[in-house]
Engineer: 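Structure in structure tokens, see below.
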There are 2 protein chains.
Amino acid sequence: MKPTVHDIARSAGVSLATVDRVLNGRPGVRAVTRSKVEEAIAALGFVRDLAAANLAKSRTYSFVFILPDYDNSFMKGLRREVVAASERASTERTEIRIVAVPHFDPHALVAALEEVLADKPNGVAFVAIDAPEVREIAAKLNEAGVPMVTLVSDLPASSRDHYAGIDNIAAGRTAGSLLGRFLSGREAKVAVLAGSMLVRDHRERVEGFLAVMAEAYPNLRVLPVIEGRDDSALVEEKVSEAFEVTPDIAGIYSLGGGNRGLLRVLRKVPLEARPVVVAHDLTDATRAALGEGIIDAVLNQDAGHEVRSAVRVLKAKADGLPVIEAQERIRIDIFLKDNLP
Amino acid sequence: MKPTVHDIARSAGVSLATVDRVLNGRPGVRAVTRSKVEEAIAALGFVRDLAAANLAKSRTYSFVFILPDYDNSFMKGLRREVVAASERASTERTEIRIVAVPHFDPHALVAALEEVLADKPNGVAFVAIDAPEVREIAAKLNEAGVPMVTLVSDLPASSRDHYAGIDNIAAGRTAGSLLGRFLSGREAKVAVLAGSMLVRDHRERVEGFLAVMAEAYPNLRVLPVIEGRDDSALVEEKVSEAFEVTPDIAGIYSLGGGNRGLLRVLRKVPLEARPVVVAHDLTDATRAALGEGIIDAVLNQDAGHEVRSAVRVLKAKADGLPVIEAQERIRIDIFLKDNLP
DNA sequence: CAGAATCTGAGGTACGTAAATCAGAAAACT
DNA sequence: AGTTTTCTGATTTACGTACCTCAGATTCTG
């Protein structure tokens with residue numbers, strides 16, 4: 001049988017109240033008595049029953065998720081996952097509040113975080129914008145002891161407790177290797193299509209991609225980065241333009257949103273002239289394109305995993321418990337048409 | 001505030017005892033009263049507090065994990081993960097018993113499962129061997145209402161509740177596509193290295209691989225499958241032999257264990273003549289080889305994820321709760337040297 | 001050595017649910 | 001009508017921990 005506080009009390013020869021004082025770090029216990037109790041705890045291998053403790057405390061967890069009100073497939077999916085998590089969480093004394101903020105707007109994010117600071121919930125998760133003012137408020141939250149998880153897009157490691165997202169440099173490198181291998185040695189031109197170089201994750205993907213190109217694929221010439229603002233109409237326009245200027249594009253790395261626009265252009269390219277394409281984010285559009293062979297590989301981050309991970313980590317931090325690192329590592333999923341879920 | 005059983009009782013105008021009878025499906029409630037209570041439950045949106053319920057019941061979960069006593073890297077890792085899960089589980093009123101059985105021995109597995117049937121734990125997970133006698137005992141366990149999860153290797157879907165493992169046909173197909181793309185169009189010979197064609201997962205990988213070869217890569221000639229018994233010494237011997245007979249092997253799909261033996265041979269092959277290699281299972285050896293460029297891609301199943309998933313599913317089944325399908329899907333991880341964890 | 005300050009024990013209530021007992025009410029039988 | 005059966009309410013105890021109060025014991029202070 002698992003030992004209980006009563007067993008500790010009996011074994012240490014003290015009363016329940018004293019055990020309770022030791023366990024919860026309350027004052028009023030002599031050092032000698034304290035260590036007697038601690039020995040008994042260690043000897044019996046007592047571990048506090050969290051469920052019972054939470055019940056007694058009527059502890060509830062309150063978490064805040066700050067999400068950009070951006071309307072691309074990925075963010076929509078992310079919101080959906082947060083809502084789903086929030087519904088499940090209600091059975092577990094956990095309340096998840098969702099706050100929407102205008103996207104790419106550091107000030108709006110800061111304002112939302114300031115409200116969080118005033119509120120003092122048991123944890124906060126947000127899609128970070130790596131700007132000085134955001135780092136500043138993050139430092140304040142940290143100081144105030146509010147567990148903090150960045151979601152999808154990170155801040156410097158010092159100012160948050162955990163990052164639930166992929167390593168974007170590694171993602172860029174992976175895309176580079178795939179493209180390089182798929183193009184296998186031939187002299188060719190490669191286009192890079194990003195959303196915006198102002199966003200850290202996109203910058204990092206480009207960085208990783210270019211590094212691999214430079215290191216391993218001197219045969220490939222990378223054209224200037226096209227910024228499509230994650231907007232499929234704009235993407236379509238800019239990619240069309242690029243094909244007019246450079247008809248012999250042999251490879252494309254699309255690392256942002258707006259892939260629908262890219263696909264519209266690609267479908268017009270004659271089959272034999274179609275470039276090798278590596279894109280990000282598994283959506284209905286990219287999934288279909290993978291199946292047709294218009295896209296060759298899709299890199300993906302699992303929004304569901306990210307959200308569940310964020311909730312688990314926040315809960316663990318709130319309880320002062322360790323996290324299972326391996327479980328919380330967000331992978332870069334690589335999908336070919338053969339391993340689609 | 002979340003409604004409690006007391007609120008239900010008050011709202012329905014019945015006593016606590018009656019609410020309890022309805023909630024737990026006990027007899028002794030008239031149909032009219034029952035539906036009154038059910039209406040109140042629906043109206044208030046009551047959800048039973050599982051933590052409190054389990055506390056009151058002093059419910060404990062007892063799960064059995066049956067693992068083959070096989071000593072390759074993967075099985076060692078799997079056992080390690082089960083042990084880790086078992087340690088964590090002890091804080092959550094969950095006891096995980098680990099049973100070792102001789103590997104590839106259907107009768108030993110059946111014997112272990114028969115013990116489980118006598119024991120009636122709250123759930124069982126095992127690395128399945130797809131043999132008639134195993135299916136038979138699985139059916140009995142199913143009938144006895146013991147939740148059952150197959151781990152790594154599956155049975156037909158009907159006889160278990162859940163499979164915590166990868167889709168091996170998809171894995172084979174993925175390997176085939178990678179190899180095909182990496183070899184890009186040239187006429188070449190490809191070797192397939194399996195552990196044993198008697199094991200279902202290996203058979204399925206080969207099946208998927210050959211299917212893709214036939215569909216999409218007519219330029220590649222697949223040599224007869226080499227069976228290395230997951231034993232690195234034997235693998236080394238047989239692969240050496242294969243290279244003697246066919247010096248111009250341009251691609252290798254290694255889908256079983258014993259990769260250390262394969263690597264010993266490959267390191268002797270002159271750099272420019274080295275084949276493209278896709279292997280299974282990320283171990284110290286394959287990880288190092290990826291880094292060196294001796295292996296080009298590694299397909300992996302995350303043993304930690306599989307074990308945690310199995311535990312979550314067993315718990316959910318024991319509580320009659322739904323599982324989050326997306327969370328329990330085990331991915332085929334694809335590692336290049338660029339996205340190693 | 002008295003008085004104050006600090007420590008400790010005993011006991012209780014609470015959290016939300018499960019499960020049991022017992023008594024009374026209502027319905028279904030003779 | 002009386003008897004049996006079935007339903008329902010009231011009440012209690014329990015799970016393991018948290019947290020409160022109060023009294024008594026011990027130590028420290030002057």
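Letters A, B, ... are given to chains in the order of the sequence lines, protein chains preceding strands, and every chain is numbered from 1.
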Engineer: Hey, are B:Asp69 and B:Arg79 close enough for a salt bridge, meaning a charged N less than 4.0 Å from a carboxylate O?
Structural biologist: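 Answer for the salt bridge query: no.
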
Engineer: Would you find a donor on one side and an acceptor on the other, under 3.5 Å apart, between the side chain of A:Asp319 and the backbone of A:Leu321?
Structural biologist: no

Engineer: At under 4.0 Å between heavy atoms, how does the protein contact nucleotides 9-22 of chain D? Give one character per nucleotide, 5' to 3', with B, S or -.
Structural biologist: BB----BBBSB---

Engineer: When you look at CD of B:Glu115, are more than 12 heavy atoms from neighbouring residues, nucleotides or ligands closer to it than 6.0 Å?
Structural biologist: no

Engineer: Within the structure, does a side-chain N or O atom of A:Arg30 lie under 4.0 Å from either OP1 or OP2 of C:dT6?
Structural biologist: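 Answer no for this pair, as no side-chain N or O of A:Arg30 is under 4.0 Å from OP1 or OP2.
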
Engineer: Less than 4.5 Å apart, side chain to side chain, heavy atoms only: is that true for A:His6 and A:Val19?
Structural biologist: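 They are not in contact (no side-chain heavy atoms under 4.5 Å apart), so the answer is no.
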
Engineer: Would you say A:Asp302's side chain and A:Gly304's backbone share a donor-acceptor pair under 3.5 angstrom?
Structural biologist: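 Present.
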
